[in-house]
Amino acid sequence: ALGMHAFGQSKSVTRFRSAYPETSNLFFYSSTLKMLNTEDNPDLAGLLKDIEEIRVLTWDKGKQMPGKDKVSALKTALQSENYNTLMAMNDKGSAIDLYSREKNGKMPVCVAIVHTAESLVLIDLKGGIDVARFMQLKQKLDGQSANTSN
């Protein structure tokens, strides 16, 4: 049962990890995420409340990082799992792809792939994210940041 919970997110990511073990990983569970809200910000609490787990998996260039062909195969596998592409962009040598799979109008799982010449990072999220709430919080934080820099 523990194995199913720990790896119950994307089957494609689980297979990818089996074939190409990551250099390092971080796991954040809902209880850990709640502790990050040290200022008891209700906007942040609302955003985090439906997230069950976030896995951050990293492969470094110096330690057998999977090549572009392997990353492309992972992207294809995610799409075959009914993940939708939310975003694909290239910025300053980084390729960033964001995928989600919806259920009942919520985004229960999300996978981000950040690929540079130096590293590959997969962020595999299980739980719901209210995208509108995220954008509202981002705008609020951006506004606060602009006010403090003036």
Side-chain angles (χ1 to χ4, degrees), residues 2-37 43-44 46-146 149:
L2 182 59
M4 280 299 288
H5 174 71
F7 303 108
Q9 288 163 286
S10 164
K11 292 176 185 176
S12 299
V13 171
T14 300
R15 285 190 300 271
F16 190 82
R17 289 182 74 201
S18 294
Y20 315 101
E22 67 272 12
T23 307
S24 64
N25 58 48
L26 295 169
F27 293 78
F28 298 95
Y29 299 96
S30 61
S31 57
T32 309
L33 293 170
K34 288 175 187 169
M35 287 189 282
L36 296 176
N37 188 7
D43 295 325
L44 182 58
L47 184 65
L48 298 176
K49 74 179 177 68
D50 292 327
I51 298 174
E52 296 175 34
E53 179 183 359
I54 300 173
R55 299 187 288 173
V56 181
L57 312 169
T58 304
W59 290 261
D60 292 324
K61 179 182 178 182
K63 300 189 180 183
Q64 299 296 335
M65 185 173 83
K68 287 184 181 182
D69 58 330
K70 308 299 185 211
V71 176
S72 292
L74 173 61
K75 293 175 184 179
T76 300
L78 286 168
Q79 291 175 335
S80 72
E81 270 189 72
N82 297 319
Y83 279 80
N84 297 309
T85 304
L86 290 181
M87 178 184 75
M89 67 180 260
N90 290 307
D91 184 42
K92 299 177 185 169
S94 296
I96 303 167
D97 295 274
L98 183 61
Y99 299 89
S100 75
R101 190 170 61 195
E102 289 189 24
K103 184 176 180 181
N104 299 327
K106 280 193 171 182
M107 188 188 316
V109 286
C110 180
V111 175
I113 301 172
V114 181
H115 195 206
T116 69
E118 300 300 317
S119 67
L120 169 67
V121 178
L122 297 182
I123 302 169
D124 194 6
L125 180 142
K126 180 180 179 185
I129 291 182
D130 183 332
V131 177
R133 184 177 283 195
F134 173 79
M135 294 309 293
Q136 288 171 348
L137 179 60
K138 182 184 179 318
Q139 288 173 344
K140 191 177 197 179
L141 293 173
D142 287 348
Q144 290 173 353
S145 158
S149 64

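Position 1 is the first residue of the sequence, and the numbers go up from there.
Considering Lys63, Arg17, Arg55 as possible partners of Glu22, the one that fulfils the salt bridge (Lys or Arg N to Asp or Glu O under 4.0 Å) test is Arg17. Tested against Cys110, the residues Asp124, Ile123, Leu98 include a single side-chain contact (heavy atoms from CB on, under 4.5 Å) partner, Leu98.
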message: Could you go through Tyr99 and Ile113, starting from their C-alpha distance and side-chain angles, then the distance that decides it, and tell me whether this counts as side chain to side chain contact (heavy atoms under 4.5 Å, CB included)?
response: CA-CA 8 Å; Tyr99 299 89; Ile113 301 172; 4.0 Å; yes

For a quick test of your reading: what N or O donor-acceptor pairs under 3.5 Å do the side chains of residues 67-77 make, sequence neighbours left out?
from: Ser72; atom 1: OG; to: Lys68; atom 2: O; distance (Å): 3.1
from: Lys75; atom 1: NZ; to: Asp97; atom 2: OD2; distance (Å): 2.8
from: Thr76; atom 1: OG1; to: Ser72; atom 2: O; distance (Å): 3.1

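Taking the six-membered ring where tryptophan is involved, the planes of Phe16 and Tyr20 are tilted, since the angle between them lies from 30° to 60°.
Using a 4.0 Å cut-off between charged side-chain N and carboxylate O, Glu81 and Arg101 make a salt bridge.
Distance alone, capped at 3.5 Å, places no donor-acceptor pair between the Trp59 side chain and the Val121 backbone.
Here the CD-OG distance, from Glu53 to Ser31, works out to 10.5 Å after rounding to the nearest 0.5 Å. Note: Ile54 CD1 to Leu125 CG = 4.5 Å, rounded to the nearest 0.5 Å.
Every residue two or more places apart in sequence or in another chain was checked for a side chain to side chain donor-acceptor pair (under 3.5 Å) with Thr32, and none qualifies.
Here the side chains of Phe28 and Val56 are in contact, with some heavy-atom distance below 4.5 Å.
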